Amino acid sequence: MAREQSHPRRRSPEQPASVWKEKELIDGKAVDAGVVILRTSGCSHYHEGGCTMCGYNFESDRSVTPGDIVKQFENAMKDLGEIGFVKVYTSGSFLDECEIPKETAEHILRTAADRSLRVLFESRPEYVTPDSLERVLAANEHVEIALGLESSNDRVLKYSINKGFTRADYERAASEIADKGIDLRTYVLLKPPYLTEAEAVSDSKETVAFASRFSTAVSLNPVNVQKGTLVERLWRNWAYRPPWLWSVLEVLKASHGKARRLICDPTGGGKERGAHNCGRCDDVILSSIKAYSQSQDIGKLGWPDCECKDIWKTVMDLDGFVMGGTADLQRFSRPGAKGP
Ligand code: SF4
Ligand SMILES: [Zn+2]
């Protein structure tokens, strides 16, 4: 799920974890979208171990009540003012009744419908059922559901991400969403831990192709190193490097035309904890990724010449031959590098 990890603050439980506005492309037009991150009790899967890269549950709070969640949403809507679309995120699944009771979810969806707002929310596949979808549609017909598939490879899902579901689970949920005529956005993770750079690129290309069969939009999400995660422990020990921006470009270029809409907004892009290159070419590549996501025009994906591309190519060729294949080889070669 591509968003900044915010940090727990002592705030009223009636205030959402975060609220902001951004542009979103709907039917070819850029509209003002509101983003609301509700503070909830957190993802049920997180309470059973969680995904290796996920630190969103830092902001969850088990004392939050359903009434608090309704107030959080209402306060967010007041702050957002005029918008045409609202993304309602939690630290887990909007359809998980342990996190958001169904009456609360329906209230939020109806409040948005009363303002003629289309709603995007996220869920794990296990909460997507014909019943839950019917309840959603009865409250608001204009919804888009996001599923975090991450990888279409069951071994990557199990051993690298600890996702707790399989490709078949995603396929079932995606088919049920399609049967109801609901738009599906699928998140694809680029470079979960224990994959080399080359394996990660190949895994994301395959996953985008697979997810495109079911999705109205596919979002490529390069891993960013979030606090309190297994990925952070590996990264601190120089055993993990977030993906290169060259890898992001490579996946987008190869996947263009497969998905109806292919989007990417690398969280922490250009920084040490996010997808990055050498520091000199990062900004121009990030701008081109943004321009591509908004326009779907492959001509906008830039390829500035930069010396670091040769290093990336070497990493792509070599890092499978090095013990512990995901090590940050570039970090070891920097002047003054002292090791973990
Ligand atoms: S399912 Fe989503 S929210 Fe839950 S631990 Fe995994 S990435 Fe985080
Ligand atoms: Zn560079």
Side-chain angles (χ1 to χ4, degrees), residues 1-6 17 37-61 88-96 98-100 121-128 145-151 156-158 160-166 169-170 173 185-190 192-193 219 221-232 241 243-250 267 269-272 275-289 302-316 330 333-334:
M1 300 171 191
R3 56 178 189 258
E4 295 283 350
Q5 183 184 20
S6 57
I37 302 189
L38 298 172
R39 192 187 308 275
T40 67
S41 58
C43 174
S44 295
H45 178 57
Y46 185 83
H47 296 311
E48 289 167 7
C51 302
T52 52
M53 72 302 178
C54 178
Y56 295 140
N57 283 266
F58 250 48
E59 57 205 46
S60 61
D61 177 351
V88 184
Y89 298 143
T90 68
S91 308
S93 296
F94 189 76
L95 296 179
D96 176 2
C98 295
E99 203 181 337
I100 304 197
F121 62 78
E122 303 169 333
S123 181
R124 285 174 59 86
E126 60 261 41
Y127 307 114
V128 174
I145 300 181
L147 296 179
L149 167 63
E150 325 295 14
S151 169
V156 173
L157 284 173
K158 183 170 181 183
S160 181
I161 307 177
N162 190 37
K163 196 71 206 179
F165 64 72
T166 63
D169 295 326
Y170 162 85
R185 184 175 299 205
T186 300
Y187 299 140
V188 173
L189 193 68
L190 174 60
S219 173
N221 298 339
V223 165
N224 67 100
V225 179
Q226 300 187 357
K227 291 198 186 334
T229 59
L230 172 77
V231 164
E232 188 187 47
R241 185 205 191 278
W244 287 74
L245 286 168
W246 296 120
S247 298
V248 179
L249 285 176
E250 170 77 21
T267 304
K271 305 207 174 85
E272 197 88 353
H276 64 275
N277 280 353
C278 67
R280 285 185 299 274
C281 59
D282 297 49
D283 285 351
V284 62
I285 293 179
L286 285 165
S287 302
S288 81
I289 291 171
W303 315 100
D305 269 339
C306 187
E307 288 167 7
C308 76
K309 191 164 185 184
D310 287 337
I311 303 175
W312 170 73
K313 279 186 185 157
T314 308
V315 168
M316 288 286 280
Q330 186 205 8
S333 66
R334 269 190 209 136

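For ligands, and for the atoms within them, numbers begin at 1 and follow the listed sequence. One is the number of the first residue; the rest follow in order along the sequence. Both backbone and side-chain heavy atoms feed into the values below; hydrogens, waters and symmetry mates do not. Quick caveat: nothing in here was measured; it's all calculated off a predicted structure.
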In Å and rounded to the nearest 0.5 Å, what is the [atom1] to [atom2] distance from [X] to [Y]?
X: F121; Y: L95; atom1: CZ; atom2: CG; result: 4.5 Å
X: F165; Y: E150; atom1: CZ; atom2: CD; result: 6.5 Å
X: K158; Y: S160; atom1: NZ; atom2: OG; result: 13.5 Å
X: E99; Y: H45; atom1: CD; atom2: NE2; result: 13.0 Å

In the structure I gave you, are the side-chain heavy atoms of S44 and Y127 within less than 4.5 Å of one another anywhere?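 Answer yes - side chains close enough.
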Worked check of side chain to side chain contact (heavy atoms under 4.5 Å, CB included) between I285 and I289: CA-CA 6 Å; I285 293 179; I289 291 171; 4.0 Å; yes
What do we get for [X] next to ligand 1 when only non-hydrogen atoms under 4.0 Å count, side chain, backbone, both or neither?
X: S93; answer: neither
X: K163; answer: side chain
X: C43; answer: side chain

Option set C51, G148, S44, criterion heavy-atom distance to atom 6 (Fe) of ligand 1, minimum: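 Considering heavy atoms of C51, G148, S44, the nearest to atom 6 (Fe) of ligand 1 sits in C51.
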Between S93 (side chain) and R124 (backbone), is there a donor-acceptor pair under 3.5 Å?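 Checked: pair present.
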What atoms of ligand 1 come closer than 4.0 angstrom to any heavy atom of G92?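 That gives atoms 3 (S) of ligand 1.
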Which of the ligand 1 atoms, numbered from 1, are nearer than 4.0 Å to a heavy atom of R124: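 Near R124, the atoms of ligand 1 are 1 (S).
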For residues V248 and P222, report the shortest heavy-atom separation together with the two atoms involved.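 Result for this residue pair: CG2-CG, 3.8 Å.
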N, O or S from C54 under 2.8 Å to atom 4 (Fe) of ligand 1: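 Given the 2.8 Å cut-off, C54 does not count as a ligand of atom 4 (Fe) of ligand 1.
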Testing the 3.5 Å rule here: is there a donor-acceptor pair between the side chains of T186 and Y170?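 The criterion, which ignores hydrogens and geometry beyond distance, is satisfied for Y170 and T186.
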Tell me the protein N, O or S atoms under 2.8 Å from the Zn ion (ligand 2), in chain and number order.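 Counting only protein N, O or S atoms under 2.8 Å from the Zn ion (ligand 2), the list reads C278 SG, C281 SG, C306 SG, C308 SG.
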